[in-house]
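Predicted, not measured: the structure shown is a model, and the values here were computed from it. A note on names: the letters A, B, ... follow the listed sequences, proteins ahead of strands, and every chain is numbered from 1.
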2 protein chains.
Amino acid sequence: MAKDANPRKQPRQERAKATVDAIMKAAAQVLIAEGYENATTARIAERAGVSIGSLYQYFPNKEALVAALIERHSDEIVATVDEALTATSHETLEDGMRALIHAAVTAHRLDPKLHKILHEQVPRVGRLAKALDTTRRVTNAIEVFLRQHEAELKNKRDPAMAALVVETALEALSHKAVIERHDLLRSGAFEGEMLSLVTSYLTGK
Amino acid sequence: MAKDANPRKQPRQERAKATVDAIMKAAAQVLIAEGYENATTARIAERAGVSIGSLYQYFPNKEALVAALIERHSDEIVATVDEALTATSHETLEDGMRALIHAAVTAHRLDPKLHKILHEQVPRVGRLAKALDTTRRVTNAIEVFLRQHEAELKNKRDPAMAALVVETALEALSHKAVIERHDLLRSGAFEGEMLSLVTSYLTGK
DNA sequence: TGAATATGTGATGAATCGTTCACATTTACT
DNA sequence: AGTAAATGTGAACGATTCATCACATATTCA
């Protein structure tokens with residue numbers, strides 16, 4: 001087990017970029033198919049059609065490879081949520097929440113199987129934990145939005161606290177719907193429940 | 001790696017029961033201290049003051065040992081929640097939710113470190129997944145409670161759906177508070193937020 | 001007391017894994 | 001064409017793991 005976190009060689013030629021891309025694609029596929037523990041570097045390299053040595057030329061170890069995957073996935077989610085909230089910054093709080101919920105569900109649906117693995121099976125330790133702080137970034141975005149709509153907020157609701165509550169609840173509900181109860185999303189009923197949950201909490205109406 | 005799931009010998013003498021107990025206690029301690037991946041059977045046996053052979057006499061493999069730990073923990077949580085809901089079955093819906101929230105937080109606090117490991121680091125595969133269905137059992141209990149208070153429920157709220165939403169949200173919030181933001185529990189403010197969230201959703205007031 | 005059964009031991013096997021490194025091949029550039 | 005840099009290869013290594021089994025000890029009970 002290497003503790004070496006030294007940055008590996010950066011791909012300079014097109015050929016090398018294709019290799020890195022193939023490795024990451026293969027890593028995602030193998031993670032989905034085999035789970036984190038059985039996703040060995042050898043299997044990933046084989047799936048990528050690359051030798052094991054090439055893998056270690058661009059990623060110092062397995063952990064860093066998975067971290068790269070997580071970071072990319074996290075960025076996608078945060079971007080999706082951010083877009084939704086900034087796009088509705090001048091509409092009502094309820095409209096914003098509706099957009100947020102839609103974004104959260106959409107984000108989870110980008111690659112549900114990979115999301116499930118990354119979220120449930122990847123150990124939350126070391127560098128991996130850092131890459132997984134989607135939560136904090138999303139909560140911040142929500143807090144900003146709530147401050148912009150403080151007038152609609154129920155008396156004495158602290159935006160920071162409310163953002164924490166809303167993020168936690170919506171993340172859990174989106175996750176459950178997309179990962180475990182995909183049937184709930186057939187009709188729009190479940191999104192309606194989520195909206196009802198957060199708006200009545202936030203506005204107190 | 002053995003796939004053998006054959007039931008191992010049951011402890012018949014007191015001595016053996018003590019051994020099994022020591023193994024489970026040690027397993028919890030080692031899991032907390034080292035994490036799931038580094039919690040080797042050898043380390044657990046050493047910590048228990050037992051030989052590795054004894055461990056394998058009562059547990060067919062590491063997975064089964066952890067599963068036993070999970071099952072016990074899950075039963076504790078379900079029991080705590082069940083008590084709270086049945087004790088308040090004749091009080092108001094809000095009182096019941098207050099008790100439920102208190103129970104959820106208490107349940108998470110029984111052994112927060114172990115809970116965190118079991119919840120976040122143990123791979124959700126095979127037998128482990130089955131043992132982890134605390135969720136389903138708690139949701140059922142909540143649904144029963146809600147049906148008993150259907151009169152107080154907002155128009156057209158389906159008890160099954162509402163139970164799902166409430167369980168998911170409260171579990172996520174309790175988890176976050178106890179595991180990541182223990183500071184939030186100093187004052188009772190956070191429990192208040194949780195109560196506000198679910199009661200305004202359920203009663204629509 | 002002594003035999004049958006239950007329990008405990010730990011060296012050892014067998015498998016797997018992450019990672020390295022000496023070397024081969026390909027590309028870029030003069 | 002020729003050379004240096006970039007990229008690719010995969011056998012081999014060391015470390016670690018789970019799990020077994022032949023044997024020793026303790027307990028039960030006739």
So, A:His108 versus A:Glu171: side-chain donor-acceptor pair below 3.5 Å or not?
yes

With a 4.0 Å limit, can you tell me whether B:Tyr56 has a side-chain N or O closer than that to the phosphate oxygens OP1/OP2 of D:dT20?
no

Closer than 4.0 angstrom, basic N to acidic O: yes or no for B:Arg147 and B:Glu143?
yes

Using modelled atom types and a 3.5 Å cut-off, is there a donor and acceptor pairing between side-chain atoms of B:Thr88 and backbone atoms of B:Glu91?
no

Is A:Thr19 close enough to D:dT7 that one of its side-chain N or O atoms is under 4.0 Å from OP1 or OP2 there?
no

Rounded to the nearest Å, what distance is computed from the CG atom of residue B:Asn38 to the P atom of nucleotide C:dC17?
16 Å

Phosphate OP1/OP2 of C:dA6: any B:Arg12 side-chain N/O under 4.0 Å
yes

Any side-chain N or O of A:Ser54 less than 4.0 Å from the OP1 or OP2 oxygen of D:dT7?
no

Are B:Glu180 and B:Lys116 within salt-bridge range, i.e. N to O under 4.0 Å?
no

Map B:Glu14 and A:Lys62 onto DNA chain C by nearest heavy atom, then report which one ends up closer to the 5' terminus.
B:Glu14

Establish, with yes or no, whether the OP1 or OP2 oxygen of D:dA19 is under 4.0 angstrom from a side-chain nitrogen or oxygen of B:Thr41.
no

Does the ring of A:Tyr58 carry A:Lys17 above it, NZ/CZ under 6.0 angstrom from centre and within 45° of its axis?
no

With a 4.5 Å cut-off on side-chain heavy atoms, are B:Glu76 and B:Asp111 touching?
no

Tell me whether the side-chain N/O atoms of A:Arg43 come closer than 4.0 Å to OP1 or OP2 in C:dC17.
yes

When A:Leu55 and B:Ile52 are each assigned the nearest nucleotide of DNA chain D, the 5'-most assignment goes to A:Leu55

Return the value, rounded to whole Å, for the distance between atom CZ of B:Phe59 and atom C1' of D:dT20.
18 Å

Ranking A:Ala39 and B:Pro11 by the position along DNA chain C of their nearest nucleotide, the one closer to 5' is B:Pro11

Rounded to whole Å, the CZ-P distance (A:Arg15 to C:dA28) equals 8 Å

Counting side-chain heavy atoms from CB outward, which of C:dG8, D:dT28, D:dG10 is closest to B:Gln13?
D:dT28

In whole angstroms, the gap separating C1' of C:dA28 from NZ of A:Lys17 amounts to 15 Å

Consider the side chain of A:Ala16, meaning its heavy atoms from C-beta on, and name the nucleotide among D:dT9, D:dT7, C:dT19 that approaches it most closely.
D:dT7

Determine the contact category for A:Thr40: base if any of its heavy atoms lies under 4.0 Å from a base atom, sugar-phosphate if only primed atoms, P, OP1 or OP2 are that close, otherwise nothing.
sugar-phosphate

Of all the choices, C:dT27, D:dA26, D:dG10, which nucleotide is nearest to the side chain of A:Ser51 once you look at every atom?
D:dG10

Could you check how far CD of A:Glu63 sits from P of C:dT19, rounded to whole Å?
9 Å

Take the protein atom CD1 of A:Ile44 and the nucleotide atom P of C:dT19, then report the distance between them rounded to whole Å.
11 Å

How many whole angstroms separate atom CD of A:Gln57 from atom P of D:dT7?
8 Å

For C:dG8, does either OP1 or OP2 sit under 4.0 Å from a side-chain N or O belonging to B:Tyr58?
yes

Please state how far atom CD in A:Glu37 lies from atom P in D:dT17, giving the value in whole angstrom units.
13 Å

